[in-house]
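Have a look at the structure below before the remarks.
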Number of protein chains: 2
Amino acid sequence: MSSRQNSPERKKLRMRDIAAQAGVAPITVSRALSSPDKVSPETLKKILEVVQKEGFIPNNVAGSMRATAKVIGTIVPPLINSGIADQVQGMSDACAAHGYQLLLVQGDFSAEAEDKAIMALLGWRPKGLIIQAFVQSKAARKRIATAGVPVVEISEIRGRTPMNLAVGISNFDAAYAMTQHLAGKGYKRIGFVSTPIHGNDRLRQRRVGYRKAIADLGIDQGDLEVEVPITSKGGAAALSILTERDPSIEVIFCSSDLLAFGAVQECRRRGWAIPDRIAIAGFGDMDLASQTYPAITTVRVDRYGMGRSAVDHLLSLAAGETGSGKSVDVGFEIIDRESA
Amino acid sequence: MSSRQNSPERKKLRMRDIAAQAGVAPITVSRALSSPDKVSPETLKKILEVVQKEGFIPNNVAGSMRATAKVIGTIVPPLINSGIADQVQGMSDACAAHGYQLLLVQGDFSAEAEDKAIMALLGWRPKGLIIQAFVQSKAARKRIATAGVPVVEISEIRGRTPMNLAVGISNFDAAYAMTQHLAGKGYKRIGFVSTPIHGNDRLRQRRVGYRKAIADLGIDQGDLEVEVPITSKGGAAALSILTERDPSIEVIFCSSDLLAFGAVQECRRRGWAIPDRIAIAGFGDMDLASQTYPAITTVRVDRYGMGRSAVDHLLSLAAGETGSGKSVDVGFEIIDRESA
DNA sequence: CTGTCAAGTGGTATCGGTACCATGAACGTG
DNA sequence: CACGTTCATGGTACCGATACCACTTGACAG
């Protein structure tokens with residue numbers, strides 16, 4: 001009766017206000033908004049009209065107390081490279097497609113920060129977590145296990161058994177394949193540039209794959225590995241270090257395109273021809289890699305697809321599928337360009 | 001009495017379970033966790049022990065029904081360039097520092113998507129919104145106004161009056177300054193490359209600033225503007241288009257470093273010397289700009305700082321400060337490098 | 001000894017949806 | 001025509017933490 005006039009300075013809209021105005025019970029409004037096919041067409045129309053007119057937006061917080069929240073929590077490393085950004089985009093798009101929200105926390109490289117981030121996420125009782133943390137500490141794993149929330153890890157899929165399910169590639173295989181590829185093109189002395197591993201399995205496996213390939217190839221070249229920060233400046237530095245350590249080095253395989261880019265720029269600065277004076281390969285197939293001149297030979301990984309796939313699998317897990325311990329391999333591809 | 005043994009297959013932990021085990025009331029546990037100074041040291045210690053032992057994580061969803069949620073919603077454009085990524089990092093860090101969570105939605109370039117995204121965010125009754133949408137449709141603004149949620153816009157600060165408060169720079173001034181800077185270095189024919197404006201005021205103001213500078217300088221050069229997709233490929237294309245349109249063009253000012261990078265690579269491909277054959281300038285001072293050889297002259301904007309500052313101001317607004325209509329100018333800086 | 005006050009703690013109502021079960025109407029079937 | 005079944009809708013009881021107010025206790029001033 002007084003529901004019309006008191007809008008100007010009355011408080012926030014609730015479902016019951018809409019219900020009153022539409023002449024139905026609150027629960028019917030709820031159904032109209034979340035499962036419209038359970039409401040008769042006329043009622044539905046009437047309710048939606050009121051919702052539209054009043055600009056009502058249901059309170060997800062309240063709704064998430066009974067039903068589990070349509071939220072997926074995720075921890076991502078700092079978005080320094082566009083690979084991660086693609087992945088976030090993939091997760092974001094997939095979430096949107098399913099009507100979920102993405103709760104994003106950025107990790108750094110410390111275990112405490114990771115633990116705190118996980119607690120913050122779990123506090124929201126998300127449907128699941130997608131983790132791509134660097135550390136993956138034991139404490140963190142235990143916390144998640146206790147909470148009983150499904151987890152999809154975007155990670156190295158070789159060797160380790162995931163908590164529930166992992167999406168990723170074998171970084172070992174990829175690095176092995178690239179090293180072999182370079183050897184196949186006739187390069188003899190093959191350097192390797194890594195970023196600080198910090199307990200990150202993906203990075204470690206790349207190095208292991210490289211080493212295995214060198215061993216299998218029977219190349220005797222001493223230590224041609226170096227570790228630098230994950231910036232293009234790091235790549236430039238790596239070039240200097242390695243060429244100084246062994247002037248006859250023929251190719252440098254960088255564990256990230258960002259490093260490869262930096263190395264290419266350093267060559268330009270020195271006036272060195274690529275790949276004649278020295279060849280360079282990267283990892284990730286960032287946009288950069290194809291656009292740099294000369295274009296960079298690299299390993300393509302479908303990061304966007306990994307993000308989407310992670311969300312899809314997570315929702316399956318949450319819906320009851322066990323799939324425990326499985327790994328989903330999204331594969332990789334060697335992209336041969338001009339730089340090596 | 002039976003609270004100890006039934007843990008194995010009992011349901012989730014609630015605050016009252018902790019309370020029972022610690023021999024206090026639930027509300028005391030609440031206080032112990034959110035305002036520890038209101039609880040006596042002994043009680044606090046006992047409660048924290050139980051919390052620790054059980055691995056209890058309070059349910060934020062429930063807590064957010066009475067008190068407003070410690071959540072900030074944000075809409076960001078696709079993370080195509082690292083500038084946006086820096087900004088997200090800034091917001092994320094600032095949120096973490098204040099104990100807030102970041103609810104992230106990625107926009108695209110359509111008004112409907114934006115409206116949907118805003119509804120999704122508002123459904124969580126966030127403390128506030130940080131918006132950096134491309135469209136900023138009228139419908140979206142109205143929705144936010146109705147919800148009565150404070151908003152910080154990361155945007156162009158010239159001309160437009162923000163809903164509550166805007167953080168950003170004057171893109172007009174920045175583009176004007178760069179154009180003048182280039183003219184000051186002796187360049188006569190100055191081209192301009194923009195990405196599709198799509199109603200985005202920041203991009204528009206850059207173009208307007210450029211045009212104003214050209215007019216003020218009294219340069220009569222015809223149309224040396226072109227619009228290309230925001231990719232490095234777009235930058236390469238722009239170089240081709242402009243040099244074909246006017247072979248005597250001397251410098252190209254790109255409204256994004258990504259474009260400038262593409263243009264530089266295209267020059268390399270053609271064997272053109274930079275800046276002798278043609279000079280290039282960018283916008284944003286992405287990591288790329290300083291690392292590319294030759295290093296790119298550009299406009300530095302502190303994106304990370306903008307993100308942090310947006311969160312800080314938003315929390316002030318939420319705490320009651322009005323600050324309506326104000327704009328916070330974080331400023332810019334012309335970074336003179338080798339490319340122009 | 002009484003009154004005032006602060007600190008520490010608890011009881012209760014409440015935030016706003018939705019799961020669960022009940023109800024009544026309309027329809028078809030034997 | 002009695003009965004089962006489906007469809008549309010409503011009533012009620014929560015979900016789990018916290019705001020609000022009340023209460024107890026001890027310290028201290030007058």
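Within every chain, numbering begins at 1; the chains are lettered A, B, ... in the order of the sequence lines, protein sequences first and strands thereafter.
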Review point. Does a side-chain N or O from Thr28(A) land closer than 4.0 Å to OP1 or OP2 of dA8(D), or not?
Key: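 Checking dA8(D) against Thr28(A), no side-chain N or O comes under 4.0 Å of OP1 or OP2.
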
**Study point:** Criterion side chain to side chain contact (heavy atoms under 4.5 Å, CB included) against Val149(A), the qualifying member of Asn164(A), Thr68(A), Leu122(A)
**Key:**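 Only one option passes, and that is Leu122(A).
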
Review point. Mind checking whether Val167(B) and Asp329(B) have side chains closer than 4.5 Å, heavy atoms only?
Key: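 They are not in side-chain contact.
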
Side chains of residues 139-146 of chain B: which donor-acceptor pairs under 3.5 Å do they make with residues two or more places apart or in other chains?
from      : atom 1 : to        : atom 2 : distance (Å)
Arg143(B) : NE     : Asp115(B) : OD1    : 3.2
Thr146(B) : OG1    : Lys142(B) : O      : 2.8

Check your understanding: Can Glu54(A) and Gln21(A) be counted as having a side-chain donor-acceptor contact under 3.5 angstrom?
Key ->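 Note: Glu54(A) and Gln21(A) side chains meet the donor-acceptor criterion.
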
Check your understanding: Does the side chain of Glu153(A) pick up a donor-acceptor pair with the side chain of Gln132(A) at under 3.5 Å?
Key ->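 Glu153(A) vs Gln132(A): no donor-acceptor pair found between side chains.
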
Check your understanding: Is it true that atom NZ of Lys116(A) has more than 12 heavy atoms of other residues, nucleotides or ligands lying nearer than 6.0 Å?
Key ->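 No, NZ of Lys116(A) has 12 or fewer neighbouring heavy atoms, counting only those of other groups under 6.0 Å.
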
Review point. Axis-to-axis angle across the helix from dC1(C)-dG30(D) to dG30(C)-dC1(D), five pairs an end, to 10 degrees?
Key: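 Comparing the first five pairs with the last five, the axes sit 40° apart.
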
If you look only at distance, which donor and acceptor atoms sit under 3.5 Å apart when one is on a side chain in residues 22-38 of chain A and the other is two or more places apart or in another chain?
from     : atom 1 : to       : atom 2 : distance (Å)
Ser34(A) : OG     : Ser30(A) : O      : 2.8

Check your understanding: To the nearest angstrom, how far is Asp37(A) atom CG from dT6(D) atom P?
Key ->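 Nearest whole value for this atom pair: 16 Å.
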
Can you give me every donor-acceptor pair (side chain of residues 95-102 of chain A, partner residue at least two apart or in another chain, under 3.5 Å) with its distance?
from     : atom 1 : to       : atom 2 : distance (Å)
His98(A) : ND1    : Ala94(A) : O      : 3.0

Check your understanding: Is any side-chain N of the basic residue among Glu49(B) and Lys45(B) closer than 4.0 Å to the acidic one's carboxylate O?
Key ->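 A salt bridge links Glu49(B) with Lys45(B).
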
Revision key, fill the gap. Protein-proximity profile, nucleotides 11-23 of chain D, B/S/- by nucleotide at the 4.0 Å heavy-atom cutoff, equals B--BBBBBB----

Exercise for review: On DNA chain C, reading 5' to 3', which nucleotide is the first and which the last to sit with an atom under 4.0 Å from a heavy atom of chain A, could you check?
Suggested key: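 Nucleotide range in contact with chain A: dG16(C) to dA19(C).
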
**Study point:** Nearest-0.5 Å distance that lies between atom CG in Leu129(B) and atom CG in Leu314(B)
**Key:**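 Answer rounded to 0.5 Å: 7.5 Å.
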
